[in-house]
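Single-structure report; data block below.
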Amino acid sequence: MKAVRDWSVRHARGLHGLYGGVEAVLSLLDPLLRRIGHERLDKPLAKVEGVVKGFLFDSKSCGQCTLGSTGMACPMNCPKTLRNGPCGGVRQNGGCEVKPEMTCVWVRAWEGSQQLEGPESGLQVIQLPVDHRRQGRSSWLHALRQKRETRG
Ligand code: SF4
């Protein structure tokens with residue numbers, strides 16, 4: 001729902017902190033989660049993510065979440081699904097080129113990111129193209145695996 005996702009961007013700082021908390025708890029639990037098996041846990045966790053993030057951010061469950069870097073605005077709501085926006089067609093009033101009645105997702109991402117560490121903070125991180133094979137899978141578990149790989 002657009003009103004809720006706009007609210008979420010206005011409260012990006014608090015939600016970003018909460019999101020970080022969830023990640024920290026999952027990191028602590030990761031040894032246990034690995035013993036149970038990420039594959040086994042993927043479906044139920046993806047369901048929880050879908051409900052919570054769907055309500056708060058209109059998440060499209062892409063399975064590779066960028067919310068922490070995009071001011072808590074889900075880029076999958078951009079009609080062009082740009083992961084590194086905006087497209088250049090943003091209207092003078094901030095409206096989307098494709099859906100003029102909607103504020104550009106990247107204008108919202110900018111507003112949200114201004115509440116975080118620095119004005120441009122996460123928005124400067126170049127996002128990889130969407131891997132559609134991850135659609136509907138848990139991005140929390142995906143993030144845990146990525147963290148582990150980075151640590152080596
Ligand atoms: S104006 Fe913004 S939301 Fe609309 S298509 Fe371009 S980047 Fe996406």
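Every number for a ligand or one of its atoms is a count from 1 in the order of the listing.
Listed by number with element, the atoms of ligand 1 under 4.0 angstrom from any heavy atom of V105 are 3 (S). Proximity to E97 (heavy-atom distance under 4.0 Å) selects the following atoms of ligand 1: 1 (S), 4 (Fe). Atoms of ligand 1 lying under 4.0 Å from at least one heavy atom of K80, given by number and element, are 5 (S). Of all the atoms in ligand 1, the ones that sit under 4.0 Å from a non-hydrogen atom of W106 are 7 (S).
Not a single N/O/S atom of C87, whether from backbone or side chain, sits less than 2.8 Å from atom 4 (Fe) of ligand 1. Atom 8 (Fe) of ligand 1 lies at 2.8 Å or more from every N, O or S atom belonging to C104.
Sparse packing is recorded around NZ of K47, with 12 or fewer heavy atoms of other residues, nucleotides or ligands lying under 6.0 Å away. Around CZ of R13, the count of heavy atoms belonging to other residues, nucleotides or ligands within 6.0 Å does not exceed 12.
Among all non-hydrogen protein atoms, the one lying nearest atom 8 (Fe) of ligand 1 is C78 SG, 2.3 Å. The single protein non-hydrogen atom nearest to atom 4 (Fe) of ligand 1 is C96 SG, 2.4 Å, given as residue, atom name and distance.
Test R133, Q135, R134 against D131 for side chain to side chain donor-acceptor pair (under 3.5 Å) and you get one pass: R133.
For the pair D30 and R148, the salt-bridge criterion is met [side-chain N within less than 4.0 Å of a carboxylate O].
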